[in-house]
Structure formats: C-alpha cells, structure tokens
Amino acid sequence: MEQSASVLYGTPVVPGIGYGPVIRPVARPVVPAQGASIPDTAREAEVGRFEDAAKVVAERLRARASRASGAAAEVLQATAVLVEDRAWRGATATKIRSGSDAVGATVAATDQFAALFEKMGGLQSERVTDLLDIRDRVIAELQGAPEPGLEMPDSPSVLLAADLAPADTAGLDPSVVVALATSLGGPTSHTAIIARQLGIPCVVAVAGLDDIPAGTEVLVDGATGRIVISPDSAEAAAEVDRDRVERERVAGWSGPGATADGHPVEILANVQDGSGARAARRTPAQGVGLFRTELCFLDRDTEPTVDEQADIYAEVFEAFEGRKVVLRTLDAGSDKPLRFANHPDEHNPALGVRGIRITTTAPGVLDRQLDAVAAAASRTGATPWVMAPMVATVSEAADFAARVRERGLSPGVMIEVPSAALLADRLLEHLDFLSIGTNDLAQYTMAADRMSPQLAALTDPWQPAVLALVARAAQAGAAASKPVGVCGEAAADPLLACVLTGMGVTSLSCAASAVTGVGARLSSVPMDRCREASEAVLASDDPVAARAAAAKLLD
C-alpha cells in the first residue's frame, strides 16, 4: 500500500482514518479584474445595494452561528462581525461613490485590507482567508448567484482543499465528510480546531495535495499525517475497520480520568457558551478546563453589562453544577479585536495589546468581568477557578490574583508566553493553579506564526523546545503542590496526552469530541510508562522523532 509515489505527508491534526473519493470545494464566483462604471445619479442606490448584500451575508452567518456551538459558533460569529466591519464597508462605499459598481468596489476594498492584514502578519494574516470568503459571499449575493461554499456529498467522501474558510469548515457534516486535508493551514488554525471539535480526521500543510483530482480514492490517516493516493481497496477497508473498532472501544470509556494503574488525571472539556457546556456535559468530561468568554464581547458595539455577562456565565456553571469550571477572562485583541476597546493600530497584533493587556486600553473591563463571574457564582453556588491569558510577568500575575481573591474566587494564569513558563515557580507564589495554552506557547517559543502553512512544523505541539517549557511549568506545580493543566490543542492528542501526564500535568482539557479518546488512551497506559515516554520525547531533536519515541513506548 505504501509506495512512495502514492503517499503524501502533512501535519497530523485530528487522529482517525478516513477513506473515500475526493471532493473539492465549489468554485468561487468569478472576481472581475475591474468593475463597471456607475453614473453619478445611481451611486447612492449602488451603495444601498452593497449594504443590503452585506447585511444578508452577515445575517446568514449569524443564523448559522446560532445553530452551532464551541469554536464553530465563535468563528461564524467573528466572520459575521467582519462583514459588518465599518472600515471595510466604508472603503467599499467610498469606491462606489467614486464611480465603481458594487462588485468592483467590493473586490478593490477587499484587496486593500487583505494587503494590510498580510503585512501585519501573525494571527491577523489568517483574516485574509475570511476576507476573501466574505468578498465572495457578498459578490454572489450582488450577482443573484447561490451562496458559495461546500456542497455536501451524498456518500462518504474525503474533502481536499488548498484551504477552507472557517465558515465552511464549521458547516461540515462528519457523517459524509469522513476526512479532511488541506495544503495550507497549521495545526492550530481555525480549520484544524473546528475539525477537532467535529471529530473529523484531519491533516494540514500537505505538499502536493492540490494535484489530486476530484474522484480519486484516497485514505487519510489523521494520526500520522499520511495521505495515500489510490490505495489498495481491501487494505484501505481493513484500516477503516480497525479504526472503527478502536473508535467503538474509545466510545465506551466513561471516566474518571486515570492511568492504567490508577494515577488520577482530570479529563476536562473546552467550552465557550451554555449550549456547548450542555453538550460537553453529555460526555465523560469531569468539568470544564477552559471556558472561553470572548463570544459575548465580540459582536458588540458596546461592552456587555455585568448582568448580561453573569447570565452567560451562569449557564455554564449550571451545566456543570458541582463540578470544576475554569474560566478564562477576556482574550481579545490580535485576530479578535473589540469594537469598544480602543485597540491601537499595531504592526504586529499577535505581539500587541491582547489578553490581560486589554486593561491598558479598556480600563475597568477586567474588573467588571470579575464582578460578573462573582455574581454568577453567587447565583448558582459555583466555585469557579479564574485565569488570565497572556500573562508575561510576576507582577501581572500578582495583580490579577489580588483582584480575583477580592471576589472570593480562585486565581490562576495561562502559560502561553515563554517568560511565564520560565518563571512558573515564582508565579505560583501568588496563584492557586496554572493552565498551559500550547497553541500560543508554540507560536511564541518557536517565533513562528501558528497560522503559517510554511511554518506548520515549527508550531507542531510535539516540538521538544515547547514540551520542555511545559515540563518546566509542570515541575514547578509539583514542587508547590499546585495543579498545572493543559488546555491547548495538544491536550486533544491521545498520544501526547500520555506524554503530558508523564511530565506531571494534572489535568487535560480538550474539545468535547476528543474527551473519550484522550481518556481511553490514558487509561490503557501505566504512569511509569508515561514518564518514560516523556523523558524520551524531551530527549528528541524534532517533532517526528518525538512522536516516534512516544509511539514506540506507548503503542
């Protein structure tokens, strides 16, 4: 089956086997090289036509967001916000008033902002995909054409694409899209995160993928990053059957989290709203390890009130009544700007005013959010743990801890910046716990944009340098007898979850769809083997060798 000429490799994202004929996204609308001219008397009407089209597109995206949950809901909501962006809409209207028709103005304004975002780099550069997506949706609406996107197949198929707009990924049906692979994207891109939430085997950054024609039978192995072109059908079917049997075994795991010899490790879920929490509650998750709170802030011209926030937080607390809930305070900025927060115009937003730093441009936002958390806790009888994102210094940690304790809550911080990992022992003098966000930790440790397909290998969570920082933070927690969890995408990798446990991590928080896979894998391995695997991984020189070393000891 494995002939070198018929096998491609990429970065593995979501484990599992998918086999079937290739489908590809529907062709996007033709983008004109130049728009038509509009006479003076028709220009305001043309502006109105553009505004109506943008409104329809935003409403469609928002309606889909209301039917989704988790990361899918967030990216759909964020895309709807982008359609309504005043600067983009204003630039389009200005070009129409200068004589261009709505289609040509939409294209020109999008090109203008795409060039700006690409120049910014970092997470902001991923917004180019979103911009091109909303451009195409608005153009289709202006032309009276069907909404662009994906047509779901009638039978199980494998979706291959250069890249996918997050809005398209969020609408995938796992019953017919049995695997996904892209030639662009990284392990922590929106496409990868949503695929993990949906449980679709996924591989990204696959060179040569674009040359595979639609209809070709392919096998995608999301655990190894292997794409087999035109495999032997019997061998492929056998791999699919083995994967199905393994999935059925995994589905039978009911918790609680522990190694084969009984060493406890909490298996928790990542959620961001009440509906997502209620869905996660139907899994064996022992609680919530990452409650993202951005959703209620993003689609707003004004800051949500304390009461509005408290209602949202209470939904999650009630869904996991009596169980652990770790809430992350507002993580906005970079690719998630707030309309009301006076964000500065930054050349590199990923290194700018984001996370805890929002307090410098929007004073009082953090205190009001903590007031809302305390109010929701009082109303529901919950005892949430509260952590701040993007903390880089001991003084930031100490200040945050004091604010949290004033409200009778338990303080912690995210370890996403290398300085925080290096000083984890000193941060813990002020805190009750740490939670490691491996997505950003990889980006900042490796000085590599986590959305760049060219740099996907550098932001792989199996990078030994990244895992060395994880181990350092876990050791600091053990020395202080305080818990240290992992809530980044690394925690959703069953093999890596065992390695993290061997490093001393006390909890693993992942998408609800990954909970049983992580818990089942961990339950099959004794703690001493997890420690051996962690030592072997830390001694490795690159991600490929690290994975191989872990698999040799744990499989």
Does any part of the side chain of [Y], heavy atoms only, come nearer than 4.5 Å to the side chain of [X], both counted from C-beta?
X      : Y      : answer
Val7   : Ile227 : no
Ile312 : Gln309 : no
Val470 : Leu441 : yes
Arg226 : Tyr9   : yes
Leu496 : Trp462 : yes
Leu180 : Val220 : no

Is a side-chain N or O of [X] found less than 3.5 angstrom from the main chain of [Y], in a donor-acceptor match?
X      : Y      : value
Gln77  : Leu61  : no
Ser157 : Pro153 : no
Ser513 : Arg196 : yes

Quiz item: Out of Lys324, Arg323, Gln286, which residue meets the side chain to side chain donor-acceptor pair (under 3.5 Å) rule with Glu266?
Solution: Lys324
Quiz item: Of all residues at least two apart in sequence or in a different chain, which pass the side chain to side chain contact (heavy atoms under 4.5 Å, CB included) check with Thr329?
Solution: Leu327, Leu366, Gln369, Leu370, Val386, Ala388, Pro389, Phe400
Exercise. Could you go through the side chain to side chain contact (heavy atoms under 4.5 Å, CB included) check for Arg278 and Glu315 one step at a time?
Key: CA-CA 9 Å; Arg278 288 186 287 274; Glu315 280 195 64; 3.0 Å; yes
Exercise. Tell me, please, which residues at least two apart from Thr501 pass side-chain hydrogen bond (donor to acceptor under 3.5 Å, both in side chains).
Key: none
Quiz item: In chain order, what residues pass the side-chain hydrogen bond (donor to acceptor under 3.5 Å, both in side chains) check against Trp253, with sequence neighbours excluded?
Solution: none
Quiz item: Should the pair Glu321-Arg281 be classified as a salt bridge under the 4.0 Å nitrogen-to-oxygen rule?
Solution: no
Quiz prompt | Trp385/Phe320 aromatic ring centres below 6.0 Å | solution = no
Exercise. Any chance you could lay out the side chain to side chain contact (heavy atoms under 4.5 Å, CB included) test for Leu131 and Leu82, step after step, and finish with the verdict?
Key: CA-CA 8 Å; Leu131 273 172; Leu82 192 59; 4.2 Å; yes
